[in-house]
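Reminder, nothing fancy here: chain letters follow the sequence lines and each chain counts from 1. Computed from a predicted model, the values in this text were never measured in an experiment.
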Amino acid sequence: MHLTQPSAPLLDIAAIRTEFPILQRMVHGNKPLVYLDNAATTQKPTVVIDSISEFYRQHNANAHRAGHVLGAEVTSMYERAREVVAESIGARADEVVFTRGTTESLNLLATSIGARLGPRLAEGNIVLTEMEHHANIVPWQMLRERSGVEIRVIPLTDDGALDMGRASQLIDASTLVVSCVQVSNTLGTENDVSTLCQWAHAVGAISIVDAAQSVSSMAIDVQQIGCDALVFSGHKVYGPMGIGCAFIRRELLSDLPPYQGGGSMITNVSFDKTTYADGPMRFEAGTPNIEGAVGLCTALQWRNALDLRDVQSYKKMLTDELVAGLRLRSGVHVHGAHHGHSGIVSFSIDGVHPQDVGIMLDTHGVAVRTGHHCTMPLMKRIAPQGTVRVSAAVYTSHDEIAQFFHALDRVMKVLL
Amino acid sequence: MHLTQPSAPLLDIAAIRTEFPILQRMVHGNKPLVYLDNAATTQKPTVVIDSISEFYRQHNANAHRAGHVLGAEVTSMYERAREVVAESIGARADEVVFTRGTTESLNLLATSIGARLGPRLAEGNIVLTEMEHHANIVPWQMLRERSGVEIRVIPLTDDGALDMGRASQLIDASTLVVSCVQVSNTLGTENDVSTLCQWAHAVGAISIVDAAQSVSSMAIDVQQIGCDALVFSGHKVYGPMGIGCAFIRRELLSDLPPYQGGGSMITNVSFDKTTYADGPMRFEAGTPNIEGAVGLCTALQWRNALDLRDVQSYKKMLTDELVAGLRLRSGVHVHGAHHGHSGIVSFSIDGVHPQDVGIMLDTHGVAVRTGHHCTMPLMKRIAPQGTVRVSAAVYTSHDEIAQFFHALDRVMKVLL
Amino acid sequence: MSTTKTIAEATYEIASMLEALPDWEERFSAIMSMGKGLAPYPEEFRRDDFLIKGCQAQVWLFPRLVDGRIHFEADSDALIVKGLVAIVVQIMQDRTPQEILAAPKDIPEQLGLAQHLSQNRASGLSSMLKQIRLYAVALSMRTPS
Amino acid sequence: MSTTKTIAEATYEIASMLEALPDWEERFSAIMSMGKGLAPYPEEFRRDDFLIKGCQAQVWLFPRLVDGRIHFEADSDALIVKGLVAIVVQIMQDRTPQEILAAPKDIPEQLGLAQHLSQNRASGLSSMLKQIRLYAVALSMRTPS
Ligand SMILES: Cc1ncc(COP(=O)(O)O)c(C=O)c1O
Ligand SMILES: Cc1ncc(COP(=O)(O)O)c(C=O)c1O
C-alpha cells in the first residue's frame with residue numbers, strides 16, 4: 001500500500017503527523033493510539049494549541065468595547081478570524097457569525113428564521129433528510145412544537161444516497177426551509193447540496209447546509225453551493241472546542257431578528273425599548289469566545305495551507321482502503337456506497353453488537369465510535385443496534401489502517 | 001502603602017503575579033502594562049493556560065458517547081469539572097449546566113422559564129434592578145416581546161445601593177421571576193441578594209443571581225443565598241473564554257423544558273417524536289466545550305486554593321485605595337458608595353469625556369474601561385456620557401494603583 | 001447471615017480468575033462465557049422500565065425480593081456487555097439490600113476492569129452498579145433493617 | 001484642479017507637526033487645539049443621522065457638496081476625539097469625491113496615530129474615515145466623474 005500513492009505526492013503524512021502531539025500517545029499501557037474517531041472531533045496541530053497559549057500569555061482582553069492596547073489587539077484578532085473564516089468559504093466577513101458550534105448555529109437559525117416567518121409556519125413545511133444529525137433535526141422539531149410547521153424528510157435510497165426524485169417532490173410551493181447535511185457523519189455520503197439549494201430557491205425557501213463534516217477536507221464555496229446559510233464547528237476542522245460559525249447570506253442576516261440578548265448585540269438599551277446592532281454582532285450576545293476564534297483562525301490557515309485536492313485524494317485513498325478491507329471480511333457489511341473522500345465508513349458485523357467491537361478494539365488502542373452517531377432516524381432504517389464507525393483524518397496513516405484491521409481480525413476471532 | 005498590609009498577611013501578591021505571564025508585558029514600546037480592566041475579563045494563570053494545552057496534547061476527544069480511552073478520560077475530566085463547579089458554589093453536580101457564559105446562561109433561563117410559565121406570563125411580572133448588565137435585561141425584554149410579561153425595575157438610591165424599600169413593594173403576588181446582579185460591574189455595589197431571594201420565594205417566584213462579578217473573589221454558597229439559579233462566566237474567574245455555568249436548583253431544573261436541541265440532550269430521536277434527557281445534559285446540546293470546562297475547573301481550583309477571606313481583604317484594600325485617591329482629586333466624582341471588596345470603581349471628571357481619559361491613560365500603559373459598561377439604563381441615570389471604570393483583581397499590586405494615579409494626574413493636567 | 005461468599009470474596013474470586021488469564025482475548029472470552037451462563041431472562045420483563053439508562057447496548061435488569069434478599073435477572077443484546085452484567089449480578093446475587101448498599105464503590109477497579117476497559121462508563125459497568133444500588137434502596141424500604 | 005495641498009501633503013504636514021512634538025502630552029494638547037479650531041457645528045445638523053457609528057463618544061459629521069467638492073462640518077463631545085475628527089476633516093476638506101476615494105487607506109498609520117493610539121478603533125478614527133468615504137461614494141453619484 002505504501003508504494004501506491006501516486007495521487008497524493010505532495011502530502012508528507014509523516015511530517016503532518018509530527019505536528020499533532022497527541023498522535024504520540026500510548027494508551028492501555030504500551031499500545032500506540034490509533035485514533036479513528038475523527039468525525040467526532042479532530043485532533044489539533046501544535047500551531048493551534050500554541051496560538052491559544054499565546055493568546056492568553058500575551059493578549060487576552062475583552063473585545064469591541066475596550067479601548068486599551070490589549071482590547072485593540074484582541075478585537076483585530078477576532079475580526080481577522082472572521083475574515084479568515086469568510087475567505088475559507090467564499091463569504092464576506094459581515095456574513096460570518098461566531099457561535100459555539102454547529103449545534104448552536106442551527107438552533108440560532110431555527111429560532112431566528114422561525115421568529116421571522118411567524119404565522120407562515122403554520123401553513124408551511126421544512127424539508128430535512130433522513131440522514132441528518134440530531135443537531136439538524138431537534139431544533140426544527142422544537143420549532144414545530146411552537147408553530148405547527150410541517151417537517152418533511154427526504155428518504156435515502158438503499159445505497160445510502162439521497163432520493164433526489166423524492167426530494168424534488170417534497171420541496172414545493174409551501175416549503176419555507178430546506179436544511180441538509182453536506183457529508184453524512186454516519187455514512188460518509190456527500191450530498192448534492194447545491195441542487196437542493198437551487199430547488200429551494202426556485203420555491204423561495206431558505207437553504208441551509210450543515211458542513212460540519214465537509215469543512216475539514218473539502219474546498220467550500222458558499223457562492224457555488226448557492227446556500228443562504230452554512231454552519232460548521234471549529235473542533236471538527238483541527239480547531240478548538242466551543243467555537244463554530246454560521247455563514248448567513250447578507251440579505252437573510254439583515255432580515256433576521258436576534259437570537260440571544262445581552263452585551264454587544266445592542267445599539268441602545270433602556271427598559272422601555274432596546275434596539276439591536278446590525279451585522280453579525282446582532283447574533284453575538286455577550287463576551288465572544290475570542291480564544292476559540294483565534295484558534296479556529298489558526299486551524300483554518302493550517303488547513304488552507306494544505307492543497308485541499310491533495311487532502312481529498314489522500315482521504316479518498318484511505319476511505320477506499322477501509323471500504324475494500326471491510327468488504328473482504330466475511331460477515332462484515334459496509335453501510336452506504338458513496339463515501340467519496342469523507343474518510344467515514346460505518347459497518348456492522350453479522351450477529352455482533354457494535355459496542356462489543358468498540359470495547360474490544362479499544363483494548364488494542366484503536367479508537368472508533370459505536371452507536372447511533374446522533375443520527376437515530378437513519379439508524380432505525382439501516383442498523384437499529386447502531387454501527388461501528390471508523391473515521392480517518394488527513395493525519396491518519398496507512399499503517400494505522402493496517403493496525404485497525406489487525407485488531408479487528410483479532411476481535412472478530414473472539415466474538416464469532 | 002506597602003507597609004500597611006495587616007489584614008492580608010497570607011497573600012504573596014508578588015508571587016501570585018509571577019503566575020500570570022501577561023503581567024510581564026510591555027505596551028506602547030516600553031511601558032509596563034497596568035491592567036485595570038479586570039471586570040471585563042480577568043487574566044489567566046499559567047496553570048490554566050497549561051491545562052488547556054495539556055488537554056489538547058494528551059486527551060482531546062468528544063465526551064459522553066465515545067467509548068474509547070480518550071473519550072473516557074475526557075468524559076471524566078468534563079464531569080470532574082462539573083463537580084468542582086458544584087463544590088465551589090455549594091451545589092450538587094447534577095445542578096450545574098455548562099454554557100458559553102453568563103449571557104448564554106441568562107438567555108437559557110429566560111427562554112426555558114418563559115416556556116415553562118407559558119400563559120402565566122401575560123398576567124405576571126419579572127423584577128430586575130436598575131443596575132443590571134444588558135445580559136440580565138435584554139433576554140427578559142425578548143421574553144416580554146413574545147409574552148407580554150411586565151418588567152419591573154428596582155431603582156437605586158442616590159448612593160448606588162438598591163432601594164430595598166421599593167424592592168419589597170415591587171415583588172408581589174404576580175411576580176414570577178426576580179433576577180439580580182450580586183456585584184454591580186459598574187458600581188461595585190454588593191447587593192443583598194439573599195433577602196431578594198427570600199422575598200421572591202415568599203411569593204412563589206423564581207430567583208436568579210448574576211454572579212459574574214462576584215465569583216472571582218467571594219465565597220459563594222447557593223444554599224445560603226437561597227437562589228433557584230446562579231450564573232457566571234469562566235473568563236471572569238481566571239478561566240478561559242467560551243465557558244460558563246448555570247446552577248439551576250434540582251427541582252427547577254427537572255421542571256424546565258430544554259433550550260437548544262441537538263446531540264447529547266436527547267434520549268430518543270425520531271421525526272415523529274423526540275424525548276429529552278434528564279439532568280444538566282438536557283441543557284447541553286451538541287459537543288460541549290470540554291476544553292473550556294477543564295480550564296474553568298483548573299481556574300476554580302486555583303481560586304479555591306487561595307483563602308478567599310484574604311483575597312477579599314486585599315481587594316478591599318485596593319478598592320479603598322482607589323476610592324480614596326480619586327476622592328482626593330478635585331473635579332473627580334466616584335460613583336456609588338458601596339464598593340466593598342469588589343475592586344470596581346467608576347468615576348467621572350467634571351467637564352471631561354471619559355473616552356478622552358481612556359485614550360490618554362492607554363498611552364501610559366494603563367488599561368481601564370470607559371463607556372456604558374453594558375449597563376446603559378444605569379448610565380442614563382448616573383452619567384449619560386459613561387464613566388471611567390478601574391477594576392482590580394487579586395494580582396493587582398499597590399504599585400500599579402500608584403502608576404494609575406500618576407498617569408491620571410498627567411492626563412488631567414493636559415485635559416483640564 | 002448466609003453462608004455464601006461475601007461481596008468482597010465474590011469480587012476477588014472473579015478478579016483473580018480474570019487476572020490469571022494470559023491476555024485480553026482470553027479475558028473477553030471468559031467474560032462472554034459468564035454472560036452465556038446467565039439464566040434465560042423472563043420475556044415478560046423485557047420492558048423499557050427495566051432497561052438500564054446510560055448503556056449503549058440494551059441491558060435489562062430485573063430485581064425480585066425473595067426472603068429479604070434481592071434476586072436479579074439480567075440480559076443484554078451485546079455479548080461483552082452481557083458478560084459484564086453477569087459478573088455484576090454474580091457478585092450481587094441474593095444479597096440483602098443492606099449488604100448491597102454497604103458494598104464498596106470501586107468494584108470495577110477491584111475487578112481490574114475499570115483500568116482496562118475505558119468503556120467503564122460507556123459499557124455501563126458503573127450504570128449497572130448504580131442501578132443495583134437504586135433497587136437496593138427501593139427494596140430496603142420494604143424490608144426490616 | 002485646486003492649488004491646495006494634496007491629501008498626501010496634508011497628511012504629511014500634520015504627521016510632521018505631531019512627530020516634532022516632544023511627548024504624547026504635547027501631542028494630545030496639539031490634537032485638542034485642532035479640535036478647538038473647528039468651525040462651530042451647525043445646530044440644525046446635530047441629529048442622530050449625522051452621528052458616526054462605532055464611536056464611543058458622540059461624533060457628528062455633516063457633508064455638503066459645494067462646487068463639486070465636499071465640505072465637512074464636524075463636532076464631538078470628547079476633546080481628543082474632536083481633535084481627531086478635526087485632523088481627518090482638515091485632510092479631507094473641500095476635495096472632490098474622487099480625490100477622497102483615491103486616498104490611501106492607511107492615513108491613521110501615516111499620521112503616526114494608529115501605532116500609538118490603540119484606540120484607533122474605539123476612538124473612531126477608522127470609523128470617521130470610513131464615513132467620509134461613504135459620503136464621497138454617495139455624493140460622487142451626483143457629480144460628473
Ligand atoms: C454583572 C455581569 N453580568 C453579565 C455579564 C456578561 O457576561 P458574559 O459577557 O461573559 O456573558 C457581565 C460581564 O460582561 C457582567 O459583569
Ligand atoms: C453532520 C453533523 N452535524 C452537526 C454536528 C454537531 O456538531 P457540534 O456537536 O460540534 O455542535 C455534527 C457533529 O457532531 C455532525 O457530524
Side-chain angles (χ1 to χ4, degrees), chain A residues 21-22 25 27-28 37 40-41 43-44 49 52-53 56-58 60-62 65-70 100-101 103-104 107 134-135 137-139 141-142 151 153 235 240-243 260-263 266 269-271 274 285-287 289-292 358-359 362 367 369-371 374 376-377, chain B residues 21-22 25 27-28 37 40-41 43-44 49 52-53 56-58 60-62 65-70 100-101 103-104 107 134-135 137-139 141-142 151 153 235 240-243 260-263 266 269-271 274 285-287 289-292 358-359 362 367 369-371 374 376-377:
Chain A
I22 206 172
R25 245 202 84 171
V27 295
H28 291 308
D37 193 14
T41 197
Q43 299 301 340
K44 323 302 173 202
I49 302 172
I52 296 173
S53 305
Y56 286 130
R57 297 176 65 89
Q58 291 292 329
N60 175 60
N62 212 321
R65 295 287 149 193
H68 48 70
V69 54
L70 299 184
R100 195 180 52 235
T103 302
E104 176 163 71
N107 278 276
H134 295 165
I137 299 175
V138 186
Q141 291 183 315
M142 291 168 76
I151 291 178
V153 185
H235 73 95
M241 292 174 158
I243 189 79
Q260 297 181 331
I266 51 87
V269 173
S270 77
F271 280 104
T274 288
T287 302
N289 183 357
I290 308 169
E291 171 225 296
I359 292 177
D362 174 60
R369 178 146 306 206
T370 63
C374 294
M376 281 190 189
Chain B
I22 206 171
R25 246 203 84 171
V27 294
H28 291 309
D37 193 13
T41 198
Q43 299 301 339
K44 323 303 172 199
I49 302 172
I52 295 172
S53 305
Y56 286 130
R57 298 176 64 89
Q58 292 291 329
N60 174 61
N62 212 321
R65 296 287 149 192
H68 47 71
V69 53
L70 300 184
R100 194 181 51 236
T103 303
E104 176 162 73
N107 278 277
H134 294 165
I137 298 175
V138 187
Q141 291 182 314
M142 291 168 77
I151 292 179
V153 184
H235 72 96
M241 292 173 156
I243 189 80
Q260 298 181 331
I266 52 87
V269 174
S270 76
F271 281 103
T274 287
T287 302
N289 184 355
I290 308 169
E291 172 225 296
I359 291 177
D362 174 60
R369 177 146 306 206
T370 63
C374 293
M376 283 191 188

Which atoms of [X] approach chain A - backbone, side chain, both or neither, heavy atom under 4.5 Å:
X      : result
B:V153 : side chain
B:I137 : side chain
B:Q58  : both

If you tally heavy-atom pairs under 4.5 Å between each of B:I243, B:I151, B:V138, B:I290 and chain A, the highest tally belongs to B:V138

May I ask you to name which of A:I22, A:T103, A:T287 has the most heavy-atom pairs under 4.5 Å with chain B?
-> A:I22

B:R57 atom CZ: more than 12 heavy-atom contacts under 6.0 Å | no

Sorted by chain and number, sequence neighbours left out, side chain to side chain donor-acceptor pair (under 3.5 Å) with B:E104 holds for A:R100, A:Q260

Quick check: does any side chain N or O of A:Q141 sit under 3.5 Å from a backbone N or O of B:S270, one acting as donor and the other as acceptor?
-> yes

Donor-acceptor contact below 3.5 Å, side chain A:K44 vs main chain A:P21 = no

d(B:R25 CZ, A:N60 CG) to nearest 0.5 Å is 11.5 Å

Which atoms of A:N289 approach chain B - backbone, side chain, both or neither, heavy atom under 4.5 Å = both

